[in-house]
There are 2 protein chains.
Amino acid sequence: MQERIQKIKDQLHAASYKLTPQREATVIVLLENEADHLSAEDVYLKVKEKAPEIGLATVYRTLELLAELKVVDKINFGDGVARFDLRKEGAEHFHHHLVCMECGAVDEIEEDLLGEVELKVERDYNFKIMDHRLTFHGICHRCQR
Amino acid sequence: MQERIQKIKDQLHAASYKLTPQREATVIVLLENEADHLSAEDVYLKVKEKAPEIGLATVYRTLELLAELKVVDKINFGDGVARFDLRKEGAEHFHHHLVCMECGAVDEIEEDLLGEVELKVERDYNFKIMDHRLTFHGICHRCQR
DNA sequence: TTCGATGCAAACCATTTGCATTAAC
DNA sequence: GTTAATGCAAATGGTTTGCATCGAA
């Protein structure tokens, strides 16, 4: 974990930002909840447990900053709240999501399933793809009975 | 156009809702702007041209109703506003979008590119897919110089 | 007449912003 | 010491809701 924090610190410095205690606390919460898709409010509450003096605005600003640096991805599953997802080590593509319509769980697909599809889109539509968002809505394996 | 309105009217009746003048005006605006991805506010302004007495809340309620009946799809490109997209005649899948990061244009991909990908996801992740959302972010053919 | 639908205004709630204070190099 | 970062509270803006009124079967 230390080296991931160090790496993020380097990224911040490279863009001439500092890793303040508040930012570090936010990053730690994200690392500790890597499997989840926390909203800004969720992050705020968890950060507050360790650093009670932090303000909600700071969390918003930090998350926006991290999104700008591509440390996290900001996603929106249509429920009116933005969620933040730590980008995996070295992953340059956005991962896909499986949203369960029954229990609300959000699982991730790590592998990139869109390689061929993207080639086709770039060719057929003359569109230069920089990023993608793919979400499946359905019933997760746990809810299938 | 008449028969599309009639069809929507039938869908409403089947769910025991009425096609009121306000709802009809809203549907007409959607049909007339099928290529666009209007926000609720956009729809409201256009409906107001023909039916100036309509209220914004009614437009919101109508759009929500149409989304519930799967006449329109509610989409979110991450800019804090929901957009509404008429579902094509008989299309049971959600179509894909190309969002240009330069000019903001949103183009559509009618064909379903995810057939094989979905088979793989259902098999490998044991997830029953009901719907999907796929958006590519990049540079559209018009902005490529 | 009855119940859903409408319009208006107020309420909501996630997110952003202004500003005075604080802290890092 | 200078400049960025923070915390608080107020502002913003899209969306929802309460409620009295209206309208169609």
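Worth saying up front: this structure is predicted, and the values here are computed from it rather than measured. A, B, ... follow the sequence lines: proteins, then strands. Residue 1 opens every chain.
Taking the ring centroids of A:H137 and A:F77, they lie at or beyond the 6.0 Å cut-off.
Whole-Å rounding puts the A:K18 NZ to D:dA4 C1' distance at 4 Å. Across the protein-nucleic acid pair, A:K48 atom NZ and D:dT6 atom C1' stand 13 Å apart, rounded to whole Å. Distance B:Y44 OH to D:dT15 P: 14 Å, rounded to the nearest Å. The nearest whole Å value for the distance from the OH atom in B:Y17 to the C1' atom in D:dG23 is 19 Å. Atom-to-atom, CG of B:L56 to C1' of D:dG14 comes out at 9 Å; the value is rounded to the nearest Å. Atom-to-atom, CG of A:L66 to P of D:dA5 comes out at 12 Å; the value is rounded to the nearest Å. In this structure, the CG atom of A:L65 is 14 Å from the P atom of D:dA4, given to the nearest Å.
A nucleotide of DNA chain C counts as in contact with chain A when one of its atoms lies under 4.0 Å from a heavy atom; the first and last such, 5' to 3', are C:dA14 to C:dG18.
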Intermediate values then yes/no, salt bridge (charged side-chain N to carboxylate O under 4.0 Å, His left out), B:E108 and B:K88: CA-CA 12 Å; B:E108 306 202 334; B:K88 289 294 177 304; 3.6 Å; yes
Residues B:D85, B:R83; criterion salt bridge (charged side-chain N to carboxylate O under 4.0 Å, His left out); working and verdict: CA-CA 7 Å; B:D85 208 359; B:R83 294 174 184 282; over 6 Å; no
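Between B:R61 and A:Q22, the residue anchored closer to the 5' end of DNA chain D is A:Q22, taking for each the nucleotide with the nearest heavy atom.
Side chains of A:D107 and B:Y125 form no contact here, defined as non-hydrogen atoms less than 4.5 Å apart. Contact annotation: the side chain of A:K74 never approaches that of A:L63 to less than 4.5 Å [non-hydrogen atoms, C-beta and beyond].
For the OP1/OP2 pair of D:dA5 and a distance below 4.0 Å, the side-chain nitrogens and oxygens of A:T20 include no atom meeting the criterion.
Residue A:E53 is classed as a sugar-phosphate contact, given heavy-atom separations below 4.0 Å to backbone atoms only.
Between B:H132 and B:H96, the two ring planes are tilted [angle within 30° to 60°].
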